[in-house]
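For reference, the structure discussed in these notes is given below.
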Amino acid sequence: MKQKIGFIGLGRMGIPMISRLLEVGYPVTVYNRTPGKETSFADKSISVAFSPEELIKITDVVIVMVSDDQAIRDIFTGQGGLLSPGVSGKVILNMSTVSAQVSKEMAELCRQQGNQYLDAPVSGSVKQVETGTLVVMVGGEEDVFWQVKSIFDPLSKLAIHVGGTGAGNSAKLAVNTLLGIMSQGLAEVVLFAKENGIQSEDLLSIIQNSAMGNTYMKIKGEAILQENYQAAFALKHIAKDLRLAKQSGLNSPLGETVFKTFQEAEAEYGEEDIIAVIKSL
Ligand code: NA7
């Protein structure tokens, strides 16, 4: 029988992830800090809990997909939180991009109460959720990973166990640092070529047909051409990820550069897509 899933976080990622899980037959109950977002589901009968505590009590596995470390602390240890007294025997999958530090703290609190915790952040955004092609990188106990692997499968083309608690978060920060570097790189060369009389459309076509062509360049190249900066992956999130990477010791030349670029871009373009960085360059 399929595990009963509780899902916390009805954001840009959470909503399509829940839709995928419902499609393959998982019973899902949801909770979101701001009520009312569940109306975005076609299935209006989706069940809603009024607190993380209520949600975890009626489900087997809880997935958390929220913004940042502070959100995790509020959801786990706030009033009516996941770790309220009497909650045990549950598995919590934290799929948010957060620090390895907060994962270690929450995993320990879970362990003390007899619950299991995996950090399981993802690479990919809304399009990859909709096509079930996310990459999930998982930290924590390997046998727990295998217990829940079938939940990751409809969401991902690869779910990989990479080490103990926090290892998933560390892998994710490395991957997203590359995402920041690639985004800034693409934006810079489009601008550079334009200054030298090369149309962006032509440049992007050249890149796409060269050995450097890839899905990311294609999607973000099209966004630049259409001047469509509606967030698939919000710029504020990469700014956060680069802050976390820096706290984890990132101090390489490119790492320092993208860190600075995205911190500066965040105030004006934080709610827009990562590639809106081109507007700030
Ligand atoms: P969104 O679309 O910005 O959604 C963020 C979600 O996190 C949303 O449900 C928020 O609830 C929730 N949130 C934020 N802060 C809190 C606190 N303090 N307590 C409870 N809930 C909170 O993000 P995405 O879906 O794009 O991204 C999710 C993760 O994937 C993130 O780690 C990215 O880096 C990658 P709200 O509706 O505002 O009440």
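Quick caveat, the model's predicted, so the values are computed rather than measured. Remember, it's 1-based here, ligands and their atoms both numbered in the order they're listed.
By the 4.0 Å heavy-atom criterion, Lys240 is counted among the residues contacting ligand 1. Under a 4.0 angstrom heavy-atom cut-off, Gly9 registers as being in contact with ligand 1.
Between Val66 and ligand 1, an N or O atom pair is found at a separation short of 3.5 Å. Checking only distances, Ser67 does come within under 3.5 Å of ligand 1, N or O to N or O. For the pair Thr97 and ligand 1, the shortest N or O to N or O distance falls below 3.5 Å.
Residues Pro154 and Leu21 come closest through the heavy atom pair CG-CD2, 4.2 Å. Looking at every heavy atom in both residues, Val122 comes nearest to Lys172 through O-NZ, 2.7 Å. Of all non-hydrogen atoms in Ser248 and Leu173, the two that sit nearest each other are OG-CD1, 3.8 Å. Here the shortest heavy-atom pairing between Ile15 and Leu10 reads CD1-O, 3.6 Å.
Side-chain contact, Ser51 with Tyr31: no donor N or O sits under 3.5 Å from an acceptor N or O.
For atom 4 (O) of ligand 1, the nearest protein heavy atom (residue, atom name, distance) is Gly11 CA, 3.4 Å. Protein heavy atom in closest approach to atom 9 (O) of ligand 1: Asn32 OD1, 2.7 Å. Atom 2 (O) of ligand 1 has Arg12 N, 2.8 Å as its closest protein atom, hydrogens excluded (heavy atom only). In this structure, the protein non-hydrogen atom closest to atom 39 (O) of ligand 1 is Thr34 OG1, 2.4 Å. Considering only non-hydrogen protein atoms, atom 3 (O) of ligand 1 sits nearest to His237 NE2, 3.5 Å. The protein non-hydrogen atom at the shortest distance from atom 30 (O) of ligand 1 is Met65 CE, 3.4 Å. Looking only at protein heavy atoms, the nearest one to atom 37 (O) of ligand 1 is Lys37 NZ, 2.5 Å. Scanning all protein heavy atoms for the shortest distance to atom 17 (C) of ligand 1 gives Arg33 NH1, 3.3 Å.
Of all atoms in ligand 1, numbered sequentially from 1 with element shown, those under 4.0 Å from a heavy atom of Ser96 are 32 (O). Counting the atoms of ligand 1 from 1 in the order shown, those under 4.0 Å from a heavy atom of Leu10 are 9 (O).
The parts of Met13 lying near ligand 1 are both backbone and side chain, judged by heavy-atom distances below 4.0 Å.
Of the possible polar contacts, one joining the Asp119 side chain to the Gly168 backbone as a donor-acceptor pair under 3.5 Å is found. At distances below 3.5 Å, at least one donor-acceptor pair connects side-chain atoms of Ser210 with backbone N or O atoms of Met212.
Partners of Ala159 under the side-chain contact (heavy atoms from CB on, under 4.5 Å) rule, at least two apart in sequence or in another chain, are Val136, Phe145, Lys149, Phe152, Ser156. Applying the salt bridge (Lys or Arg N to Asp or Glu O under 4.0 Å) rule to Lys57 yields the partners Glu53; only residues at least two apart in sequence or on another chain are considered.
Residue-environment remark: CD (Gln79) stays at or below the threshold of 12 foreign heavy atoms within 6.0 Å.
The closest non-hydrogen atom to atom 20 (C) of ligand 1, taken over Val98, Asp74, Ile75, comes from Ile75.
Comment: Glu105 engages Arg73 in a salt bridge, judged by a side-chain N to carboxylate O separation of less than 4.0 angstrom.
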